[in-house]
Amino acid sequence: MTDPDTRVEMDPNFFWQLVKSPSDSRETYRSVVTDITNGHSSILKVVESLNDILTNQDLTIRRGGVEILTTILSELPENVLNAEEIKYFIDFYCCLLLDHHSFIPFILKGLLALVKMQQLPDHVVSKIFTAINLNFICQSQPQADRRLCYQLMNVMMDKKPAELQALGPDFVCGYLSIIDSERDPRNLMLLFERLPEFFKNFPLGHLAEDAFEAVSCYFPVDFRSNPKDPRGITRDDLSSALMPCLTANENFHSYVVDLVLEKFTSDLEIAKTDSLILMKQCFRDFPSDKIAESSLTIIPVLVDAMKPGNASIEIQQPCADVVAHILSYLYYHNESNIGEKVISLIYSNLEKFISDIELSFFLPTVRLLAKISASCSTTCQFLTSRMVPKLFSVYPQSTSQLSLVLECFSLLFTPCVSLKINCADILNSTWEQVTKLLENCCENAEKKILVAAFKVSTSIISLLDTKQKIIFYMQLINRIKSETDAEIWNTSADCLQLLAKTYPEEVKNLIDFELINYNPIDDKERDEFQKRLFQFFCVLAPVSGFPKYLDTAVRLHIGLQQSSIDFTDFIIDSIKKLLMKEKTNKFFLAILHDELKLTDYLLKWWEAGTDILPDSASIFDNEQTARNLTYSITIIIRSLDEKSQLNLAVDVFKIIDYSKRFMNSFYYLESQGDLSLPDLDHSLFAILNGIHPNVLTQVLREDLSHIVKYLTTMAVYCSRPFCCLVACRCLATIVNKFLEDSSGLQPQIEFIYVSVNSVFSKNKTSLTINAVNILFHLIKSLLYRNHADVNRCFDELLITLSQPEIHETIKEGFHELSVEDEYFLNAASHFRIESGFRERLFSCAVPKLLEFSKTDSKSVKHTCTISIVYLLANASPNIIQKFFKEIIPLLMSVLVDHESAEVVTLTLDKIKTMLVENTVAFEEYVETFLSRLTVLAREGKFMRIRIAALQCLLQFTKLNPSVILPFKSKISQELVPCLDDKKRLVRQEAVKTRSRWLVLGSM
């Protein structure tokens, strides 16, 4: 209830004040509406109070009164006014249409509010429509007022359709005159969304053609959207909304056909495209008795467009789609007589274009006919029964055309497969020729033919009889057993994978009887077969019902006491490739973990004392194998839910005493110095890299200190570089994922700093390199989580610039910082990555590097410069802008002195990008850059350097003409030798660049 003290008194003075001070009225309107809603006042009292204002001779005062009344009515709930009150106000507004035109927005808003009321009485919407039709010219009003008018009409048609329908042609004619010639895209979208319903529900009678003309004038839509407004209305939006309007009434059918034929024959590509879409719409919306006969008029036009040379491929393919759609429509609606005429018309017109296999338009025509063939069973049988024999009649029986014939087979028989047509019945003896040719091609010595034949046979296997299937299956199986060519073997495996999805029992029988029991006599051949078999099981594993074979193979390998290192490497590599391919398939990864226990098997390779290999440490002899095994475990673990991750991590960590490991490593160092340490337990990184931060924190919380100490010791002193790298990554993972920052993590970061500084004080290069790598991993980890220690970490790192032997490591480290790692520190593995990482990296590192570059030491300057170049590669233009003037001289020095093709190319690419974004900054150095770029364009050792230099020179032409014109003649002359470069791509770039320089000042 409204407090009586806050109620608005409905006296004339109150509303007079409101007219004079409309800016203060918003809250007041709400109070008036609340009073009326709660029954403390009424709308009639409002009218009485407004009487002198609404009848005032002053136009401004009168308009103010109407605005007040309209605003109050618009704010009222839809159930407040009764029928008499609604009728009273509608009469008032209809009379008000005769007043000044400036009242129109308020009149329309008022009427819109009234017709939304629940107790809208009968016979008032017809009165509103009549008043608007007589006293309101819609298209002479502003866009907003026209939109209000359309909204008003829409609500009236929703609320009282029968009353408007009773007006008959008067309403239709009046409504069409209201919307006629609308041009605003926002209003058109509103109209197009409503017009299909209007055309269906209101009898058009003799006005059908007028109604169609009112919307057909917009076809095809010619509209350019605002590129700066990504949410704005596009041409496609308008076109899609317009199409249903043109086919909404069945009496439009003859008008639409004439329209599409007229527009399709125009030269505008968009008119052709839209006409094809509208043709499809016609054969979807119009009843068959209205549109079927029209197909005989439309089809010849489409077939003519499909003839080679008559239209572009972008038009011919949609034409075939439309023809297929029409045929499908005709046969679905039992218009077979017309359908047969249409098919005959199509084939008779296009047959001559498939009469010579040597002609360039042979295959495109087959493609079009194959697309039409897929429309329905009758069409497919008609065209297949004619085209396949035709293909054999024009095939010259030469191997040069075999690949073309096989492609035609694929195109023609694919519709037969989808429509379940028995080709043997419709082709008779020709089908025997087809199967015999495919069988021979599957034994062909030419790889291209063989691969194509395998793919075609796989796609049409449902058309083959049992004997033909067995022959093809054995051809594939024999390739799996012994094929040495990678492409042929992979194609065979992929074909069997596809067949396993459709015919799982047949493929399982093949595996059980032909592969599992196959045992070559020769030892070398047996080893190679075992590899192929395992690889094949990896290919089949994602298919439902087939992971069991991978499980059997892994178990078998685990059980072998003397498995070879080579075979172990191969198995791990195959598993990693499988997991990388299926890394987003969580269902499959769950099967591998839960049912096959693959994670447990993979972890066993790291267990000390395992019997899988004669020497368990020998797996580290191949670093790639160690990486593959580590990341295979990671891919599976990161796909698990947190509960499963926790269970796995607890099981692994409870058998590892990192306190004891740290003490052992410490005593080992005491006795042996910095000699070889035992290999790191790589399973630690595999698990840490994949688990969620919550799980990592929970598992490591109690033993964090010992683990960090152990890993830091390993990262510094381990003699195996790969083990040092893994230890660094473990540390970085913990620093990034551990959730308890100040209480649990910060002391460990401090320990790492102390350990690193201790190493730096020893002045031993190998250990210093390891310590620097620790810092780089720490920096990336801290940057990703936006930790405050990043600046300190950079300071600790750049101290080592005083040691020239560390410079290469520093450059490599900055390069690693600037690139993303597929397996490490990425969102897929649940690392904490705050947005703006690259900006933080650049703003933290570059100022420090620029400061250190101000030295007399050439080596330090060079290291800082290359490091900055690496950081520039992925930095945003905004962040580069802050250091632009300091960076440009350094880039110049790289172009002059550096011999690395990668660094020079990277620098040139960045210069090109910077020129696109900001040409002004280069004006001060234009002569220096042009001189060096022309030398690189002529004399660059590698093609990519010469091309990049020419592209930079092209961008320089966009500088201020007053700056660049003085060099026009010189640069044009110096680019002449580039026109004769031995590489075609360089010559192409040279022509483009020199042409631009030659026309400088004349554009």
With distance as the sole criterion, is a donor-acceptor pair present between the side chains of Lys912 and Gln955 under 3.5 Å? no

Ring-face cation contact, Phe794 with Lys848, 6.0 Å cut, 45° max: no

Do Glu851 and Ser853 make a side-chain contact, defined as non-hydrogen atoms from C-beta onward lying under 4.5 Å apart? no

Please name the pair of heavy atoms, one in Ser275 and one in Phe264, separated by the smallest distance, quoted to 0.1 Å. OG-N, 3.4 Å

Cation-pi between Lys737 and Phe831: NZ/CZ under 6.0 Å from ring centre and within 45° of the ring axis? yes

Any chance you could lay out the side-chain contact (heavy atoms from CB on, under 4.5 Å) test for Leu188 and Phe223, step after step, and finish with the verdict? CA-CA 12 Å; Leu188 285 173; Phe223 172 68; over 6 Å; no

Looking only at side chains, do Asn736 and Thr733 share a donor and an acceptor under 3.5 Å apart? no

Search all heavy atoms of His830 against all heavy atoms of Gly690 and return the closest pair with its distance. CD2-O, 3.1 Å

Check: Ile233 and Arg186 side chains under 4.5 Å, non-hydrogen atoms: yes

Assess the residue pair Tyr870 and Glu816 against the criterion (side-chain contact (heavy atoms from CB on, under 4.5 Å)); give the C-alpha distance rounded to whole Å, side-chain angles, the decisive distance to 0.1 Å, and a yes or no. CA-CA 9 Å; Tyr870 285 136; Glu816 289 297 320; over 6 Å; no

If we count only N and O atoms by modelled type, under 3.5 Å, do the side chains of Gln624 and Asn628 hold a donor and an acceptor together? yes

Is the gap between the ring centers of Phe192 and Tyr218 under 6.0 Å? yes

Under a 4.0 Å N-O cut-off, is there an ion pair linking Lys992 with Glu989? yes

Check the pair Arg146 / Glu182 against salt bridge (charged side-chain N to carboxylate O under 4.0 Å, His left out), numbers first and verdict last. CA-CA 9 Å; Arg146 300 199 306 275; Glu182 177 60 60; 2.7 Å; yes

Does any non-hydrogen side-chain atom of Leu731 lie less than 4.5 Å from one of His777? no

What I'd like to find out is whether the side chain of Leu767 reaches to under 4.5 Å of the side chain of Phe760, using heavy atoms alone. no

Least distance between heavy atoms, Glu269 atom then Ser312 atom: OE2-OG, 3.2 Å

Tell me whether the count of non-hydrogen atoms from other residues, nucleotides or ligands lying under 6.0 Å of CG in Asn791 goes above 12. yes

Are Thr934 and Arg938 side-chain neighbours, meaning at least one heavy-atom pair lies under 4.5 Å? yes

Rounded distance (nearest 0.5 Å) linking atom CE of Met943 with atom CZ of Arg984: 9.5 Å

Quick one, Asp274 and Lys263 - any side-chain contact, counting heavy atoms below 4.5 Å? no

Counting only heavy atoms not in Gln143, do more than 12 sit closer than 6.0 Å to its CD atom? yes

Side chain to side chain, Arg994 and Val976, heavy atoms closer than 4.5 Å: yes

For salt bridge (charged side-chain N to carboxylate O under 4.0 Å, His left out), just list the numbers for Asp909 and Arg944, CA-CA rounded to whole Å, side-chain angles, deciding distance to a tenth of an Å, and then say yes or no. CA-CA 10 Å; Asp909 287 342; Arg944 64 178 185 270; over 6 Å; no

Output the distance between atom CG (Leu849) and atom CD1 (Ile866), rounded to the nearest 0.5 Å. 11.5 Å

Check Val963 against Pro966 and note the closest heavy-atom contact, atom names and distance. O-CD, 3.5 Å

Assess, by modelled atom type and distance only, whether the side chains of Asn773 and Glu812 contain a donor and an acceptor separated by less than 3.5 Å. no

Looking at Phe837, is Arg840 sitting on its ring face, NZ or CZ under 6.0 Å from the six-membered ring centre and within 45 degrees of the normal? no

Minimum heavy-atom distance between Met189 and Ala241, given as atom pair plus value: SD-CB, 4.0 Å

